[in-house]
Number of protein chains: 2
Amino acid sequence: MPIATPVKKHVTKETPAPERARETAPAEKGADAAGEADDATRLVEAIELLFFAYRDFISDPDALLAEYDFGRAHHRVIHFVGRNPGITVAELLDILRITKQSLARVLKQLIERGFVAQETGRKDRRQRLLYLTEAGRDLNDRLAAPQRERVARALLEAGAEAGSDAEDAWRKVMLALLNKENRSEVEDRLADGRDRPKGRKP
Amino acid sequence: MPIATPVKKHVTKETPAPERARETAPAEKGADAAGEADDATRLVEAIELLFFAYRDFISDPDALLAEYDFGRAHHRVIHFVGRNPGITVAELLDILRITKQSLARVLKQLIERGFVAQETGRKDRRQRLLYLTEAGRDLNDRLAAPQRERVARALLEAGAEAGSDAEDAWRKVMLALLNKENRSEVEDRLADGRDRPKGRKP
DNA sequence: AAAATATGTCAATATGGCTGACATAAAATC
DNA sequence: GATTTTATGTCAGCCATATTGACATATTTT
């Protein structure tokens with residue numbers, strides 16, 4: 001599917017800005033003779049913004065993961081277990097949208113190497129509740145650091161330009177991009193209603 | 001690497017909202033006793049927003065691609081060739097951040113099946129300039145449609161809530177999320193300075 | 001003439017998805 | 001209490017898409 005960023009194994013490259021001199025691009029889309037951005041163009045640009053932002057965004061922790069011989073799959077698990085201590089396997093699968101067989105592989109490695117711990121559920125002893133170990137929390141933090149910095153910087157930069165509620169506007173748009181069925185799931189853990197309890201429904 | 005969404009081959013599943021009743025999540029992060037979102041939490045939430053928004057966003061065209069037996073890689077190529085008619089292989093590689101061997105495979109298929117056409121560069125005859133064929137433009141459009149709709153809807157919803165410059169703020173943040181080296185590259189094709197010519201430097 | 005560049009291609013490998021089938025333990029239901 | 005359902009784990013194989021390294025070709029630059 002669409003415009004999902006690839007993985008890039010050994011963080012190499014860094015090409016030095018290509019010449020970009022198009023010859024004769026046949027038909028420059030639609031109505032932008034002088035300086036009008038028609039809706040279609042604006043929307044396609046938004047699509048690309050998502051692509052590029054995400055591409056750069058997820059490029060941050062790669063080097064670190066490589067040191068551990070982990071991949072993005074491991075990162076995702078670590079992140080969401082870190083965010084939802086005691087999450088069940090089923091819930092994790094629901095977030096990640098992968099099969100249990102796929103999850104099993106990375107989860108097994110994470111457990112073997114001591115980043116994730118399991119615990120039998122007390123109410124339902126079939127369940128395996130997942131937690132980060134000390135090492136797991138540590139790695140999680142080191143992985144998140146560059147991403148947090150990136151977001152913080154971006155919000156600052158943009159906020160300075162666009163008004164201090166830029167962050168709020170950004171969040172609202174991002175949230176509105178979700179499938180409706182996922183809104184509440186995500187909203188639950190979000191700051192929108194700061195008072196709401198996070199990740200549980202007692 | 002981190003929190004990049006998986007591919008989901010045969011668009012199945014759709015789990016019916018799990019129970020989500022955590023037992024005793026040990027330590028609920030940091031300082032949110034009552035209703036305070038510390039910076040770290042806000043930033044982590046932003047990270048997740050990017051993950052979830054992107055996950056849903058790229059899920060749109062999957063069904064369509066499957067009809068053609070294409071994957072996300074094909075979509076990416078079609079999109080960027082469509083946006084940059086006459087783009088060279090090297091430029092495309094630079095955008096996609098993959099190796100030429102990886103590109104070669106999907107590009108070959110797209111050419112064989114008549115969605116992309118090559119043309120020898122006139123100034124530099126080593127170059128292969130890439131264009132979408134009629135069929136390619138058509139597919140590109142059909143792929144983009146649900147994504148455009150999604151973005152349009154999101155901007156509307158959020159704009160209604162957050163003021164009409166929500167779009168502007170959103171774009172500024174998204175752009176600020178990019179690596180500095182990529183800013184100008186991306187800005188070039190963006191609406192920020194509506195007057196600037198797109199994708200060329202004559 | 002030699003070197004650098006743009007592209008293509010062969011071959012091997014890894015990651016992380018997928019499917020299907022089956023196994024176990026615990027809970028829920030009849 | 002027996003049966004069925006649920007949560008999880010696991011084996012085995014497949015596929016898409018990425019990687020690396022090496023090398024070939026045509027063309028442009030030096």
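Chain identifiers are assigned alphabetically (A, B, ...) following the order of the sequence lines, protein sequences preceding nucleic acid strands; residue numbering begins at 1 within each chain.
The CZ-C1' distance, from R97(A) to dG16(C), rounds to 18 Å in whole Å. Taking atom CD on E119(A) and atom P on dA7(D), their separation rounds to 19 Å, with Å as the unit. What separates CD of Q118(B) from C1' of dA26(D) is a distance of 14 Å, to the nearest Å. If you measure from atom CZ of F70(B) to atom P of dA16(D), you get 12 Å, rounded to the nearest angstrom. dG8(C) atom P lies 11 Å from atom CG of L92(B), rounded to whole Å. When the C1' atom of dA14(C) is taken as reference, atom CD1 of I98(B) falls 16 Å away, rounded to whole Å. Rounded to a whole Å, the CG atom of D94(B) is 15 Å from the C1' atom of dT5(C). Atom CG of L129(B) and atom C1' of dT27(D) are 14 Å apart (whole Å).
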Return all side-chain donor-acceptor pairs below 3.5 angstrom for residues 105-118 of chain A, not counting sequence neighbours, or 'none' if the list is empty.
unit_1: Q109(A); atom_1: OE1; unit_2: H74(A); atom_2: NE2; d: 2.6
unit_1: R113(A); atom_1: NH1; unit_2: Y68(A); atom_2: O; d: 3.0
unit_1: R113(A); atom_1: NH2; unit_2: Y68(A); atom_2: O; d: 3.0

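Residues satisfying the side chain to side chain contact (heavy atoms under 4.5 Å, CB included) criterion with A144(A), sequence neighbours excluded, are R148(A). Every residue two or more places apart in sequence or in another chain that forms a salt bridge (Lys or Arg N to Asp or Glu O under 4.0 Å) with R153(B) is listed here: E157(B). Applying the salt bridge (Lys or Arg N to Asp or Glu O under 4.0 Å) rule to R142(B) yields no partners; only residues at least two apart in sequence or on another chain are considered. With sequence neighbours left out, R128(B) forms a salt bridge (Lys or Arg N to Asp or Glu O under 4.0 Å) with no residue at all. Not counting sequence neighbours, the partners of N179(B) by the side chain to side chain contact (heavy atoms under 4.5 Å, CB included) test are D56(A), S59(A), R150(A), E181(B), N182(B). Judged as a salt bridge (Lys or Arg N to Asp or Glu O under 4.0 Å), and not counting sequence neighbours, E67(A) has no contacts.
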Between protein and nucleotides 26-29 of chain C, what N or O pairs are separated by less than 3.5 Å?
unit_1: dA26(C); atom_1: OP1; unit_2: R125(A); atom_2: NH2; d: 3.3
unit_1: dA27(C); atom_1: OP1; unit_2: R125(A); atom_2: N; d: 3.2

Any protein N or O atoms within reach of nucleotides 21-23 of chain D? Criterion: under 3.5 Å, listing atom names and distances.
unit_1: dG21(D); atom_1: O6; unit_2: Q101(B); atom_2: NE2; d: 2.7

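Not a single donor-acceptor pair under 3.5 Å links the side chain of R171(A) to the backbone N or O of A46(B).
Using a 4.0 Å cut-off between charged side-chain N and carboxylate O, R137(A) and D141(A) make no salt bridge.
Proximity of residues 102-115 of chain B to DNA chain C (heavy atom under 4.0 angstrom from any strand atom) is not detected for any residue.
Evaluation of the ring-ring contact (aromatic ring centres under 6.0 Å, His included) test over residues 132-156 of chain A, restricted to residues two or more places apart or in two chains, returns none. Screening residues 133-162 of chain A for ring-ring contact (aromatic ring centres under 6.0 Å, His included) gives no qualifying pairs among residues at least two apart or on separate chains.
Within the structure, every side-chain polar atom (N or O) of Q127(A) is placed at least 4.0 Å from both OP1 and OP2 of dA25(C).
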